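Worksheet: one structure, shown below.
Index from 1, following the sequence. Just so you know, these numbers come straight off a predicted model, no measurement behind them. Remember, it's 1-based here, ligands and their atoms both numbered in the order they're listed.
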Amino acid sequence: MKLSKKKKNKQTVFCFNVQHVLPKIFPRKPRDFSLPNSSWGKEMMELYNHYNRLTADQSVYLCCVSSGGAYLSKIIQSKARLFTRNIRDPGAAFEYVLFFRQDKLKCVCIFQAGHLLEGPPGHVHGGAIATMIDTVTGTHASLLSAPVMTANLNVNYRSPIPLGSTVLIESILDKEDGRKMYISCRVTSTDGSKLHTEATGNCPQPGESSEGPSHL
Ligand SMILES: CCCCCCCC(=O)SCCNC(=O)CCNC(=O)[C@H](O)C(C)(C)COP(=O)(O)OP(=O)(O)OC[C@H]1O[C@@H](n2cnc3c(N)ncnc32)[C@H](O)[C@@H]1OP(=O)(O)O
């Protein structure tokens, strides 16, 4: 998805992807893993269309996509791939798309959990849930400031997530303290009635002497 900026009713709409806040060493046209594919269920598609419409018609949502990790290969000259995008079989693992709401410093992720993410029988592995939370909070904090590393993540699992289901992951900036961004996150059913997981995280921009992304 290309960077676009247009004026509408005196409001400005931005649409950009994660690669614009990371070094400009990406391939020009990385695969956009956030676009709908044949594995997306009805719920995933309806939510995607809902938030996408907000992006197009309102000034509140910024749509964010991940570039799929091709840039990592460029950086370290290996076959490294972004963890959440490293299985090419559509629907098998992490299907997700992120929308960033600038005015309320909120991020919404629609996540459909594929069959390779099983933990307890018929349900999503806790590590896979934490991975998605880390991805959402890390991306959110990076978009608000500069590339960050997760220093601390506290996860409370409240109710299991059925494999194959679609959930909402919403993150909010709680506090900004210098280089540190404190983000809280909730994973719920798509109608918000069932709480699956709660988390809080601290994502600082790496200091000069650390080995964070700014040093890659
Ligand atoms: C596009 C997809 C996006 C995906 C995003 C995914 C995000 C990730 O998963 S990142 C990978 C997992 N995280 C890591 O590997 C990080 C490993 N740790 C590190 O590299 C470093 O410890 C790092 C960068 C977090 C902090 O390094 P550095 O900046 O040198 O540390 P330091 O100056 O001591 O700490 C900065 C501040 O954070 C605080 N802090 C550091 N670690 C922690 C911690 N574990 N818990 C709470 N606070 C902490 C410090 O107290 C300090 O606060 P203050 O400024 O008030 O004194």
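Listed by first and then second residue, the ring-ring contact (aromatic ring centres under 6.0 Å, His included) pairs that reach into residues 151-201 come to none, sequence neighbours excluded. Within the structure, salt bridge (Lys or Arg N to Asp or Glu O under 4.0 Å) pairs that include any residue of residues 134-150 do not occur (at least two apart or interchain).
The residue from L143, T135, L153 that puts a heavy atom closest to atom 4 (C) of ligand 1 is T135. Looking at Q205, R179, K180 and measuring to atom 54 (P) of ligand 1, the nearest heavy atom belongs to K180. Relative to atom 17 (C) of ligand 1, the option among M149, R85, H140 with the closest non-hydrogen atom is M149.
For ligand 1, the atoms closer than 4.0 angstrom to any heavy atom of G207 are 28 (P), 29 (O).
Nearest heavy atom pair, residue L153 against residue G201, reads CD1-CA, 4.1 Å.
Linking Ile, Leu, Val, Met, Phe, Trp and Tyr residues whenever their side-chain heavy atoms come within less than 4.5 Å places V108 and M45 in a single cluster.
Geometrically, ligand 1 and L82 share no nitrogen or oxygen pair separated by less than 3.5 Å. Geometrically, ligand 1 and A151 share a nitrogen or oxygen pair separated by less than 3.5 Å. An N or O contact shorter than 3.5 Å is missing between D177 and ligand 1 by distance. The shortest N/O to N/O separation between T139 and ligand 1 does not fall below 3.5 Å.
At least one side-chain heavy atom of S145 sits under 4.5 Å from a side-chain heavy atom of M181. Inter-residue side-chain proximity for H125 and E118 is flagged as unmet; no heavy-atom pair is nearer than 4.5 Å.
Checked by atom type, the side-chain pair T188/R158 shows no donor-acceptor distance below 3.5 Å.
Under 4.0 angstrom from ligand 1, the non-hydrogen atoms of N202 all belong to its side chain.
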